[in-house]
Chemist: 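The structure's right below; bear with me while I get my questions together.
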Amino acid sequence: MNILVINSGSSSLKYQLLDFEHKVVMAKGLCERIGIGGSLFSHSDSNGFKVEKEEYEMKDHRDAAKRMVDALLDPDHPIINSLSEIHGIGHRVVHGGPIFSEPAIVTEEVKESIRETYVWGPLHNPANMMGIEACEKLMPGVPQVCVFDTAFHQTLPKEAYMYGIPYRYYEEHKIRRYGFHGTSHMFVSRRCAELTKFKPSTLKLVSCHLGNGSSFAAVQGGKSIDTSMGLTPLAGIIMGTRCGDIDPAIGPFISQLEGASCTDVDRILNSESGVKGISGVSSDFRDLEAAADAGNERAQLALSMFYYQASKIIASYAAVLNGIEAIVFTAGIGENDPKMRQAVCDRLSYLGVKLDPEANKVRGKERKISAEDSAVEVFVISTNEELSIARQTIEMLDLDKCMVVDKPQ
Ligand code: ADP
């Protein structure tokens, strides 16, 4: 069973072809700078063949998808012999708006509904659609499924997703908290339910997806009941370049002080803020830690703000969940930064959180990192959004009847 997973951005297209029967990622690749000149193509396969940043002009997503298909069918390095060996395509779609609470098989009606979500995901959703339409044209007859980043959080209760602004904005424009990283939060919380000593059907866990973009989810019995991102991915903890939760009056205040337009304010808060804006060094935690170790006070401040806010959000979810049984760290920072995990968990000792310092040294691998006498189990679990999308694609297309789905190596 081969599933092609596509993550299409405004100028990029990432793909992975997963073979579930043999548990391998058969091929993966990236098309960059689509439509902006100087396009680059990278590809690698499970036999060790690699194309690294080949210059290949891609004026649109169809050109990119064509290059991907050519690479998969390359007679010199064949991964598959015909497109009929791709049994389904799973697309990441960022914003499902109020319309999608679960994955959807691509049809004309579903595409129309996705166009209706552009208002909530103006940057990402049109780009995701370009990937869908390029695949439809190049691989007609291969069933396609959309998996929405927001869908997992559609179980939030109304008091958690409503904002304190006039009700008509919810009624007329569906302005509310949606939350993101749903595919990842779902993946790691399901895995945590398999690993924990607590009862999966009632498990109270906090999932911490900490990467360039970071978000938290309070998950009870497998259902998301609160999350830190909002209508957009700008909300929640301070991130690489995003400000996270700030006083909402700051935007208009900057605008009045400096004559900044709405677009300027949007750029400042999304791209010039976060740990990069505070430190003036980098958005990458490895650079920040090196700078802090060398005595850079603003780099240390950026890290301290991140640790402080992370522990505050997790603690607030103890109220949301009425207690916490498990915490999961995932994504680039969550999986690779023991110092961050220790600093965050140290502030949660009053909840009974206690790390095993030796276990907490783990990087990029699944491991329980809490001490034996910790009241709360803490895990590092590697997220795998592609696998999660592929699984959901198989489930939607009913392909799972013919096979046992397991994690590719
Ligand atoms: P994205 O949100 O783009 O998917 P990732 O989940 O890959 O991002 O996370 C990328 C971030 O992970 C990097 O910016 C970096 O801050 C962090 N990171 C990666 N490796 C390490 C490490 N060894 N120590 C600390 N942080 C790391």
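Computed from heavy atoms alone, side chains included, the values below leave out hydrogens, waters and symmetry copies. Order of listing sets the numbers, starting from 1, for every ligand and every atom in it. Computed from a prediction, not measured in an experiment: that's the story for all the values here.
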Chemist: With atoms numbered from 1 as shown, which atoms in ligand 1 lie under 4.0 angstrom from a non-hydrogen atom of G213?
Modeler: 2 (O)
Chemist: Minimum heavy-atom separation for S10 to M130, with atom names?
Modeler: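 What the structure gives for the nearest pair is O-CE, 4.2 Å.
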Chemist: For atom 24 (N) of ligand 1, which protein heavy atom lies nearest, and how many Å away is it?
Modeler: N336 O, 3.4 Å
Chemist: If you measure from the Lys or Arg side-chain nitrogens to the Asp or Glu carboxylate oxygens, is any gap between E358 and K368 under 4.0 Å?
Modeler: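 Salt bridge: no.
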Chemist: I'd like to know whether ligand 1 has H209 as a neighbour, heavy-atom separation below 4.0 Å.
Modeler: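 So H209 does not count as touching ligand 1.
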Chemist: Tell me the closest heavy-atom pair linking P98 and K174, and the distance in Å.
Modeler: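 The answer is CG-CG, 3.7 Å.
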Chemist: So if I count the atoms of ligand 1 from 1 in the order they appear, which ones are less than 4.0 Å from some heavy atom of R363?
Modeler: 23 (N)
Chemist: Between G97 and Q154, what is the shortest heavy-atom contact and its length?
Modeler: O-NE2, 3.6 Å
Chemist: Please verify the inter-ring angle class for H181 with H209; under 30° counts as parallel, over 60° as perpendicular, anything in between as tilted.
Modeler: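 Ring orientation of H181 relative to H209: parallel.
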Chemist: Assign the ring pair F100 / F148 to parallel, tilted or perpendicular, where the plane angle (0 to 90°) is split at 30° and 60°.
Modeler: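 Ring orientation, 0 to 90° scale: parallel.
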Chemist: Mark the output for G240 as yes if a heavy-atom distance to ligand 1 is under 4.0 Å, and as no if none is.
Modeler: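 Not so, G240 does not reach ligand 1.
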Chemist: Answer side chain, backbone, both or neither: which part of M340 comes under 4.0 Å from ligand 1, heavy atoms only.
Modeler: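 Neither part.
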Chemist: Give the ring-plane orientation class for H185 versus H153, where under 30° counts as parallel, over 60° as perpendicular and anything between as tilted.
Modeler: perpendicular
Chemist: Any N or O on F285 sitting closer than 3.5 Å to an N or O of ligand 1?
Modeler: yes
Chemist: Return the closest protein heavy atom for atom 19 (C) of ligand 1 as residue, atom name and distance.
Modeler: R286 CZ, 3.5 Å
Chemist: Please confirm whether G332 comes within less than 3.5 Å of ligand 1 when only nitrogen or oxygen atoms on both sides are compared.
Modeler: yes
Chemist: Do F306 and F285 make the cut of ring centroids closer than 6.0 angstrom?
Modeler: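 Yes, close enough.
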Chemist: Counting each atom of ligand 1 from 1 as listed, which ones have a heavy atom of I333 under 4.0 Å away?
Modeler: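 So the answer, numbered in order with elements, is 12 (O), 16 (O), 17 (C).
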Chemist: What is the nearest protein non-hydrogen atom to atom 3 (O) of ligand 1, stated with its residue, atom name and distance?
Modeler: N212 ND2, 3.0 Å
Chemist: Considering only non-hydrogen protein atoms, determine which one is nearest to atom 13 (C) of ligand 1 and report residue, atom name and distance to 0.1 Å.
Modeler: D284 OD2, 3.7 Å
